[in-house]
Asker: 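Encoded as structure tokens, here's the structure I'll be asking about.
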Amino acid sequence: MPELPEVEVVRRGLEPVVVGKTIERVRVLHPRSVRRHSAGPADFEDRLADQRVVGASRGGKYLWLPLGSGDAVLAHLGMSGQLLVQRRAATPERHLRVAFELSQGHDLRFVDQRTFGGLLVSDGGADLPREIGHIARDPIDMLFDDAVFGAGLRRRRTGVKRALLDQTLISGVGNIYADEALWAARLHYARPTETLRRAEVDRLLAEVRTVLMSALRHGGTSFDTLYVDVNGESGYFERSLAVYGRADQPCLRCGAPIRRDAFMNRSSYSCPRCQPRPRRARW
DNA sequence: GCTTGCGCCTGAATGC
DNA sequence: TGCATTCAGGCGCAAG
């Protein structure tokens, strides 16, 4: 599941390969993948022809390629999206949605089984696409403001996990790392945000950073410059997860069986002993 | 304005 | 065996 660390791994993999190359031609093979490009697939293809890629940037779970024109290609991987660099002659992937033909015989390919991800061309978005202007900074961004986050979190009237997943409060955290950070901070996911003490907020934010940085270190180990495979990394991450996906297995801290609850049409994993349910819970 | 819930989407896993 | 159902979950939008 591409959350911040996976997206950063992709960005680091792409940077040395695509920066400096020219996009010779773009083919949109599935219109849904460019649904957020309001001018449509043909415009998407036309706007990018002959553009030079001058960078590879990331904010939260979004990735963008600044172009020589000052515009940018903005990408979100959704649930199943991948950005792969392949030789032009390589067999097209089954779920290939958009193909960028780059100079020097390589393709940048957007492959996305579930089509929850998508691409768009952002006008003048090279520095920061305005389409993601509403997203908060991510916690490993140097300019992330801990005090603003803490105040914003405690001002909410919701459960702490819901707040962590809200990209306008803090970006880059998804279901997996939210559960991991809450477990590390010994906080139940339904803890009302307004009852969090300052020290608990500090602890939570520290654990969010630890979890993200640790995943990033693991994810950065095995990619190939010509094949940036998000799924290839997931197996490695899985081995270091403390609660996510570990229903009924012993808590690594206290041994109590990890519980899995339905939450926001998905799952939440937590330790019933280390993370007791608050008397007053908010979902 | 803020919070909450749903629909989008495909394929693997599961159930009958 | 084969068909139907469930599940995974980030985001945008609409409703409350």
Side-chain angles (χ1 to χ4, degrees), chain A residues 1-8 10 28-38 58-64 74-83 93-98 110-120 122 129-136 138-139 148-149 151-182 189-196 208 212 215 230-231 233-235 237-238 241 243-248 259-270 280-283:
Chain A
M1 236 53 69
E3 299 183 29
L4 186 155
E6 291 79 1
V7 178
E8 178 60 19
V10 171
V28 175
L29 305 172
H30 196 310
R32 185 173 150 80
S33 293
V34 294
R35 65 193 178 285
R36 290 186 61 199
H37 184 78
S38 50
R58 182 193 57 76
K61 302 174 198 169
Y62 284 89
L63 191 67
W64 69 95
L74 178 64
H76 194 289
L77 302 177
M79 296 280 301
S80 53
Q82 293 173 276
L83 281 166
E93 291 73 10
R94 176 153 178 214
H95 300 293
L96 177 60
R97 308 305 190 190
V98 180
F110 182 66
V111 175
D112 188 11
Q113 180 207 105
R114 295 184 205 175
T115 68
F116 274 30
L119 308 174
L120 62 82
S122 175
R130 60 184 161 77
E131 290 82 359
I132 58 170
H134 63 293
I135 300 294
D138 64 61
V148 168
F149 167 75
L153 180 67
R154 297 201 298 164
R155 213 180 301 124
R156 295 290 168 106
R157 292 292 177 270
T158 188
V160 63
K161 180 169 173 182
R162 210 177 242 283
L164 280 182
L165 297 177
D166 184 344
Q167 304 296 301
T168 67
L169 182 64
I170 181 171
S171 68
V173 181
N175 199 42
I176 295 172
Y177 297 122
D179 278 3
E180 292 296 310
L182 288 166
Y189 57 87
R191 175 76 177 274
T193 46
E194 70 270 26
T195 69
L196 288 168
V208 166
L212 294 178
V230 173
N231 288 335
E233 302 303 318
S234 64
F237 288 141
E238 238 176 278
L241 294 177
V243 277
Y244 187 84
R246 296 191 62 246
D248 303 323
R259 73 185 156 202
R260 177 191 155 185
D261 299 328
F263 170 84
M264 287 172 73
N265 280 334
R266 63 201 65 174
S267 297
S268 256
Y269 296 88
S270 59
R280 189 158 58 87
R282 277 184 186 271
W283 312 97

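Sequence lines set the chain letters: A, B, ... in the order given, protein chains first and strands last, and positions in each chain run from 1. In this text the structure is predicted, and so the values were computed from the model without any measurement. All values below were derived from every heavy atom in this structure, side-chain atoms included, with hydrogens, water molecules and symmetry-related copies excluded.
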Asker: Find the distance Leu164(A):CG to dG10(C):P and express it as a whole number of Å.
Answerer: 12 Å
Asker: OP1, OP2 of dC7(C) versus side-chain N and O of Ser267(A): anything below 4.0 Å?
Answerer: no
Asker: Salt bridge (charged side-chain N to carboxylate O under 4.0 Å, His left out), that's the test. Do Arg260(A) and Asp248(A) meet it? Break it down for me.
Answerer: CA-CA 8 Å; Arg260(A) 177 191 155 185; Asp248(A) 303 323; over 6 Å; no
Asker: Kindly say whether, by distance alone, the side chain of Arg114(A) makes a donor-acceptor pair under 3.5 Å with the base of dG11(B)?
Answerer: no
Asker: Pick the closest DNA chain C nucleotide for Glu131(A) and for Phe116(A) by heavy atoms, then say which residue is nearer the 5' end.
Answerer: Phe116(A)
Asker: Separation of Leu4(A) atom CG from dG10(C) atom C1', in whole Å?
Answerer: 14 Å
Asker: OP1 or OP2 of dC11(C) sitting under 4.0 Å from any side-chain N/O of Gln167(A)?
Answerer: yes
Asker: Distance check needed: dA8(C) P versus Asn175(A) CG, whole Å only.
Answerer: 9 Å
Asker: Count the heavy atoms of every other residue, nucleotide or ligand shown that sit under 6.0 Å from CZ of Arg35(A), and state whether that count exceeds 12.
Answerer: yes
Asker: If I take atom CG in residue Leu169(A) and atom P in nucleotide dC2(B), what distance separates them, rounded to the nearest angstrom?
Answerer: 12 Å
Asker: So, does Thr158(A) get its side chain near the phosphate of dT4(B), meaning an N or O under 4.0 Å from OP1 or OP2?
Answerer: yes
Asker: What nucleotide among dT10(B), dC7(C), dG12(C) has an atom nearest to a side-chain atom of Tyr62(A)?
Answerer: dG12(C)
Asker: Please confirm whether the shortest side-chain N or O distance from His76(A) to OP1 or OP2 of dC11(C) is below 4.0 Å.
Answerer: yes
Asker: Checking side-chain polar atoms at under 3.5 Å, does Arg259(A) have a donor or acceptor matched by the opposite partner on Ser270(A)?
Answerer: yes
Asker: Roughly what angle, to 10°, lies between the helix axis at the start of the helix from dC2(B)-dG16(C) to dC16(B)-dG2(C) and the one at its end, five pairs per end?
Answerer: 50°
Asker: So, is Arg157(A) near the phosphate of dG1(B), with a side-chain N or O under 4.0 Å from OP1 or OP2?
Answerer: no
Asker: Does any non-hydrogen side-chain atom of Leu169(A) lie less than 4.5 Å from one of Phe149(A)?
Answerer: yes
Asker: Side chains of Ser171(A) and Lys61(A) only: does a donor on one sit below 3.5 Å from an acceptor on the other?
Answerer: no
Asker: Judged by modelled atom types alone, do Asp261(A) and Tyr189(A) share a side-chain donor-acceptor pair under 3.5 Å?
Answerer: yes
Asker: With a 4.0 Å limit, can you tell me whether His30(A) has a side-chain N or O closer than that to the phosphate oxygens OP1/OP2 of dC9(B)?
Answerer: no
Asker: When you get a sec, tell me which of dC11(C), dC9(B), dT4(B) is the closest nucleotide to the side chain of Arg162(A)?
Answerer: dT4(B)
Asker: Looking just at side-chain N and O atoms, do Thr193(A) and Arg154(A) make a donor-acceptor pair shorter than 3.5 Å?
Answerer: no
Asker: By nearest atom, which of the nucleotides dG11(B), dC7(C), dG10(C) is closest to the Lys61(A) side chain?
Answerer: dG10(C)
Asker: Can you tell me how far P of dG12(C) sits from CZ of Arg36(A), to the nearest Å?
Answerer: 4 Å
Asker: So which nucleotide from dC8(B), dC11(C), dG11(B) ends up closest to the side chain of Arg266(A)?
Answerer: dC11(C)
Asker: Once you apply a heavy-atom cut-off of 4.0 Å, does Arg94(A) come out as touching a base, just sugar-phosphate, or nothing?
Answerer: sugar-phosphate
Asker: What integer distance in Å separates Asp112(A):CG from dC11(C):P?
Answerer: 13 Å
Asker: Please determine, for the side chain of Thr115(A), which listed nucleotide (dC9(B), dG10(C), dA8(C)) has the closest atom?
Answerer: dC9(B)
Asker: Taking CG from Leu74(A) and C1' from dC11(C), how many angstroms apart are they, rounded to a whole number?
Answerer: 13 Å
Asker: Would you confirm whether Gln167(A), through its side chain, and Val173(A), through its main-chain N or O, come within 3.5 Å as a donor-acceptor pair?
Answerer: yes
Asker: How many whole angstroms separate atom CD of Glu3(A) from atom P of dC11(C)?
Answerer: 9 Å
